[in-house]
Amino acid sequence: ANGSNASQGGFPGPTCVQNNRMVYATGGYTVGTDSPAIRIFDGRFDREVTRLPNTTAGTVPKAVMSMLAANGTIYLSTLDTGSDHTNWVGRVFSLDIESGTLTPIGAAFPTGEVPYALCWHMGRLWCGTNCQSSSYTGSIYYFRPDIDTTWTADYTLTTSTVAGCTSLCSYNGLLYVGTSNAASAFALILVRSELGVYSTAKTASGGTARANNAVLAMTVFNGKLFATFWNNDTTAVAKIYQYDGSSWTTAFTGATTTLIPYHSLPTDGNGAMLAVGGGVGYTGGVLYTPDGVTWTDETPFLSQGSPTS
């Protein structure tokens, strides 16, 4: 939204895997004119599944923010209209990849709140919204498919003095919430107890806190919770934290070529984890770890091209 000042873009990101097939939102379209397409790739053939439907007002939606494969289906969130935190509007859908049918999950979110992060936890679909402004904070919502017709607002992030939700993860029966923050205040990782009480699990650190410093991604790997942190300070800070259920440690610190924002933490077919990053003003980068302790920079294997991707 703000280029290199805010290297964010939805969590877990605009792609997922279901039944060994990759489902993804495409780029290369004219925003506001072409409806964003969703495609599927099975390893041999690639085809279009569907396109985002217009809003009730007939407006062409702008983008797919995130996708999540859970509960035997695919959920995705959208950015439909608006130009900033005062008027953004977005929705969440379920997608049947066999029929290409998109079904709305509840109604559009309150104006200004982009449905940014998705997670499945306690038999519910959770959505964290992001306004990318210290003056307009996001919230945490949940929806019980086949039971609810509207989203339930579970927590307002202003209560914890953070700006927006940038990632969500279920770990050891608890919901962890990665956040962004304003200048002079560091992002937090919040934890929701089984009783629905939110508290601070981790305060990020490194450099001087800049606007939109954020916990961009979280995942569970080898029994531990991993979280990436990005702070676009004069000397940027990129970290990957790990939590074993009792204490937090820093598993990786970026430097020189690995000093980039890491947006996702997928695992591969060999049981290893990757940290994938990049953004406007930064080259793409990939880290590889078999255990969360030893990290290898695999960026040279990327096809960079010209200009550098």
Side-chain angles (χ1 to χ4, degrees), residues 1-13 66 116-117 119 128 130 132 134 137-138 157 160-169 171 175-191 198-221 224-245 247-266 273-289 292-293 295 297 299:
N2 285 332
S4 60
N5 291 326
S7 294
Q8 305 170 17
F11 176 84
S66 188
Y116 191 93
C119 178
N130 190 0
Q132 203 175 19
S134 58
T137 57
L157 292 173
S160 293
T161 320
V162 289
C165 175
T166 46
S167 55
L168 292 169
C169 191
Y171 176 63
L175 180 67
Y176 288 81
V177 180
T179 68
S180 63
N181 220 333
S184 78
F186 280 107
L188 305 177
I189 297 176
L190 306 177
V191 59
Y198 287 77
S199 59
T200 299
K202 170 70 175 176
T203 301
S205 63
T208 300
R210 303 295 182 179
N212 298 309
N213 74 91
V215 178
L216 296 177
M218 291 192 289
T219 196
V220 177
F221 176 67
K224 297 179 181 179
L225 176 65
F226 286 81
T228 70
F229 172 65
W230 172 251
N231 180 25
N232 191 42
D233 196 4
T234 304
T235 299
V237 176
K239 293 182 179 180
I240 300 177
Y241 296 115
Q242 70 174 11
Y243 178 61
D244 61 6
S247 61
W248 292 87
T249 57
T250 300
F252 179 84
T253 300
T256 59
T257 59
T258 60
L259 191 54
I260 59 175
Y262 292 97
H263 299 275
S264 62
L265 295 167
M273 182 171 69
L274 306 174
V276 183
V280 177
Y282 299 92
T283 58
V286 177
L287 302 176
Y288 169 93
T289 178
V293 178
W295 299 78
D297 183 7
T299 304

*Asks:* Main chain of Leu157, side chain of Thr137: is a donor-acceptor contact present, judged purely on distance under 3.5 Å?
*Replies:*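 Here the side-chain-to-backbone pair does not exist.
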
*Asks:* How long is the gap from NE2 on His263 to CZ on Phe11, to the nearest 0.5 Å?
*Replies:*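 With rounding to 0.5 Å, NE2 (His263) is 12.0 Å from CZ (Phe11).
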
*Asks:* Quick one: does Trp295's side chain get under 4.5 Å of Ile240's, heavy atoms only?
*Replies:* yes

*Asks:* Test your reading of the model: is there a side-chain donor-acceptor pair from Thr228 to the backbone of Ala217, 3.5 Å cut-off?
*Replies:* yes

*Asks:* Under the criterion side chain to side chain contact (heavy atoms under 4.5 Å, CB included), I'd like the reasoning laid out for Ile189 against Tyr243: C-alpha separation, chi angles, the key distance, then a yes or no.
*Replies:* CA-CA 11 Å; Ile189 297 176; Tyr243 178 61; over 6 Å; no

*Asks:* Side chains of Thr289 and Phe252, heavy atoms from C-beta outward: is any pair under 4.5 Å?
*Replies:*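 Sidechains of Phe252 and Thr289: no contact.
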
*Asks:* So how far is it from Leu259 CG to Thr235 OG1, rounded to the nearest 0.5 Å?
*Replies:* 8.0 Å

*Asks:* If you take all heavy atoms of Ala251 and Gly292, which pair is closest and at what distance?
*Replies:*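 So the minimum-distance heavy-atom pair works out to CB-O, 3.7 Å.
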
*Asks:* So do Phe186 and Asn231 actually touch side chain to side chain, heavy atoms under 4.5 Å?
*Replies:*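 Touching, per the 4.5 Å side-chain cut-off.
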
*Asks:* Within this structure, what is the CG-CG distance for the pair Asp244 and Leu225, rounded to the nearest 0.5 Å?
*Replies:*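 One gets 10.0 Å once the value is rounded to the nearest 0.5 Å.
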
*Asks:* For side chain to side chain contact (heavy atoms under 4.5 Å, CB included), just list the numbers for Thr200 and Leu190, CA-CA rounded to whole Å, side-chain angles, deciding distance to a tenth of an Å, and then say yes or no.
*Replies:* CA-CA 5 Å; Thr200 299; Leu190 306 177; 3.9 Å; yes

*Asks:* Does the side chain of Asn212 reach to within under 4.5 Å of the side chain of Asn232, using non-hydrogen atoms?
*Replies:*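 A side-chain contact under 4.5 Å is absent here.
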
*Asks:* Tell me, do Leu216 and Tyr262 make a side-chain contact under 4.5 Å, heavy atoms counted?
*Replies:*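 Heavy-atom side-chain distance check fails, nothing below 4.5 Å.
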
*Asks:* Please round to the nearest 0.5 Å and tell me the distance separating atom OG of Ser264 and atom CE of Met218.
*Replies:* 13.5 Å

*Asks:* Determine the minimum heavy-atom distance between Tyr288 and Leu274, stating which atoms define it.
*Replies:* CD1-CD2, 3.8 Å

*Asks:* State, with a plain yes or no, whether a side-chain heavy atom of Thr179 is found less than 4.5 Å away from one of Ser160.
*Replies:* no

*Asks:* What pairs of residues pass the salt bridge (charged side-chain N to carboxylate O under 4.0 Å, His left out) test when at least one of them lies in residues 273-287, not counting sequence neighbours?
*Replies:* none

*Asks:* Run the side-chain hydrogen bond (donor to acceptor under 3.5 Å, both in side chains) test against Tyr198 and tell me which residues pass, sequence neighbours left out.
*Replies:*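 Residues passing side-chain hydrogen bond (donor to acceptor under 3.5 Å, both in side chains) with Tyr198: Asp154.
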
*Asks:* Can you name the nearest heavy-atom pair linking Asn130 to Thr166, along with the distance?
*Replies:* ND2-CG2, 3.7 Å

*Asks:* Quick one: salt bridge (charged side-chain N to carboxylate O under 4.0 Å, His left out) pairs with a partner in residues 202-213, sequence neighbours left out?
*Replies:* Arg210-Asp233

*Asks:* Of the non-hydrogen atoms in Gly9 and Tyr116, which two are nearest, and what is the gap between them?
*Replies:* N-OH, 2.6 Å

*Asks:* Check Gly284 against Ile260 and note the closest heavy-atom contact, atom names and distance.
*Replies:* C-CD1, 4.3 Å

*Asks:* Can you give me the closest heavy-atom contact between Gly206 and Val237, atom names plus distance?
*Replies:*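 That closest heavy-atom pairing would be O-CG2, 3.4 Å.
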
*Asks:* For Ser205 and Tyr241, run side chain to side chain contact (heavy atoms under 4.5 Å, CB included): C-alpha distance rounded to whole Å, both residues' side-chain angles, the deciding distance at 0.1 Å, then the answer.
*Replies:* CA-CA 11 Å; Ser205 63; Tyr241 296 115; 4.0 Å; yes

*Asks:* With side chain to side chain contact (heavy atoms under 4.5 Å, CB included) as the criterion, how do Asp297 and Thr257 come out once you've worked through the C-alpha distance, each side chain's angles and the decisive distance to 0.1 Å?
*Replies:* CA-CA 9 Å; Asp297 183 7; Thr257 59; 3.5 Å; yes

*Asks:* Just how far is it from atom OG1 of Thr249 to atom CD of Gln242, taken to the nearest 0.5 Å?
*Replies:* 3.5 Å

